[in-house]
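Accompanying notes for the structure given below.
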Number of protein chains: 2
Amino acid sequence: MTTRIQRRNRERILEAALDVFSVNGFRGSTLDQIAAVAGLSKPNILYYFDSKDAMHRALLDQLLGIWLAPLRAIRATGDPHDEILGYMRRKLQMSRDYPRESRLFANEVLQGAPRLADAIAGDLKALVDDRAEIIRGWIEAGRLARIDPHHLIFSIWALTQHYADFDAQIRLIRGDTDPMDGAEAFLDLLFDRLLKP
Amino acid sequence: MTTRIQRRNRERILEAALDVFSVNGFRGSTLDQIAAVAGLSKPNILYYFDSKDAMHRALLDQLLGIWLAPLRAIRATGDPHDEILGYMRRKLQMSRDYPRESRLFANEVLQGAPRLADAIAGDLKALVDDRAEIIRGWIEAGRLARIDPHHLIFSIWALTQHYADFDAQIRLIRGDTDPMDGAEAFLDLLFDRLLKP
DNA sequence: AACAGACCTGACCATTCAGTCAAGATTTTT
DNA sequence: AAAAATCTTGACTGAATGGTCAGGTCTGTT
């Protein structure tokens, strides 16, 4: 049975761990940092999670559901152009709403995806292959330009996640301007032009 | 004066440090790892570099020149379409030739660019702003589609670096296929369509 | 109020880490 | 070949780090 205090503190700890891991990566983060951000003592956060590794795993587990949802929402029955632009927009919105999650994921993949290899080669690959098939069907039907479905999906990931992962760089180059200002209009135009048969 | 042995060992150490830093980030890397990869003892690598930080700085310094060259090569006098596609292709080639450098850079920016902030806000911003002006001029002259020059440059970075930075993910999803197989054809088509007036 | 169970912490431990140093090995110069 | 300069290392240090534990405090129940 989970108590009120348990829920509150587990939540606090994961929130703090996300802050720290998403910036420093797993090896570069310390329990002291996480404890400080969470406002709890180090032994106390280890009362709620068995180890640093357990905190990280909890975050990654939680992440995968959120991360795959936008791609899952693509429907073969919809209009190809709308479905793909909708997917891109949802993904861009995720970079806005969950930048730390995006960076946590980026950190993990940069390190060779040691803790995500199974999930990527399993669930994610299956989902991507399935949606690639739908896109291929649309192309065969002459409803989309002849483009490689995998590269299309990768391009959506690259373009949308870039705004979360490279936020620091964009901020430094664009100065005061909000990093994502104008991004949606640009990407709308880009994918509109790319997808037309 | 630098001796033969100095040149060889400094080279070995930076090579090893690039291997290690590009995967684990600065905080996540240890001198023992670097020493092991370099095939030298830990005190010995500290004989050639004053500190872990000095190795990292040496890599970043070296990196910036390589990194900015492709953008620098854009000429206002060339054909807009060719200049921008050429830039994209050079950048994609860099992801192929220097994937570790790309990941080192990504790691650094993910962490908020603490050691690169000056270089990004200085040299890089100046160069980007300048090339953005050239692109704006082409647009005014009706030689390119009306797109935001900054977002255009960011999109080239995002799409090309993605193949180096997220290599592990792409490999897991595409299986045996070479991650970059088909990437150039896809990006050629994408930018061809995007840039037309 | 008293009890049980849940929650919290200071002090501690073993290991890892960046960096030092004195002394030995190797290479270069004379 | 001897002297000088450069290169290399084992053994070490102090600080940081992940994790433990005995005992104390708080909270909800009866």
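Only heavy atoms go into these numbers, but all of them, side chains included; no hydrogens, no water, no symmetry mates. The shown structure was predicted, so the numbers you read here are calculated from the model rather than taken from an experiment. Letters A, B, ... mirror the listed sequences (proteins, then strands); counts begin at 1.
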Interatomic distance where [atom1] belongs to [X] and [atom2] belongs to [N] [whole Å]:
X       : N      : atom1 : atom2 : result
B:Phe21 : C:dA18 : CZ    : C1'   : 12 Å
B:Tyr48 : C:dT20 : OH    : P     : 17 Å
A:Asp53 : D:dG19 : CG    : C1'   : 13 Å
A:Asp50 : D:dC21 : CG    : P     : 13 Å
A:Ile34 : D:dA16 : CD1   : P     : 18 Å
B:Asn24 : C:dC17 : CG    : P     : 11 Å
A:Leu46 : C:dC13 : CG    : P     : 18 Å
B:Ile45 : D:dC7  : CD1   : P     : 16 Å

Pairwise side-chain contact, A:Leu60 with A:Trp67, heavy-atom cut-off 4.5 Å (strictly under): no
Taking the side chain as every heavy atom from C-beta outward, state whether A:Ile135 and A:Ile147 have any atom pair closer than 4.5 Å. no
Heavy atoms from C-beta onward define the side chain here; which of [options] lies closest to that of [X]?
X       : options                : result
B:Ser41 : D:dT20, D:dT9, C:dT28  : D:dT9
B:Thr30 : D:dC21, C:dA18, D:dT8  : C:dA18
A:Pro43 : D:dT27, C:dC17, C:dA11 : C:dA11
A:Asn44 : C:dC17, C:dT28, C:dT9  : C:dT9
A:Lys52 : D:dG18, C:dT20, C:dA6  : D:dG18
A:Asn9  : D:dT20, C:dC8, D:dT8   : C:dC8

[X] side-chain N/O to [N] phosphate OP1/OP2 under 4.0 Å:
X       : N      : answer
A:Tyr47 : C:dC8  : no
B:Arg4  : D:dT6  : no
A:Thr3  : D:dG28 : no
A:Gln6  : C:dA6  : no
B:Arg7  : D:dC7  : no

Scan [X] against the nucleic acid and name what it touches under 4.0 Å (heavy atoms): base, sugar-phosphate only, or nothing.
X       : value
A:Phe49 : nothing
B:Ser29 : sugar-phosphate
A:Leu31 : sugar-phosphate

Does [X] come within less than 4.0 Å of [Y], counting only side-chain N to carboxylate O?
X        : Y        : answer
B:Arg143 : B:Glu83  : no
A:Asp192 : A:Lys196 : yes
B:Arg136 : B:Glu133 : yes

Could a donor-acceptor pair under 3.5 angstrom be found where the side chain of A:Lys42 meets the base of D:dG18?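 Such a pair exists between side chain and base.
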is_close_aromatic(B:His56, B:Phe49), centroid dist under 6.0 Å: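 Centroid separation for B:His56 and B:Phe49: 6.0 Å or greater.
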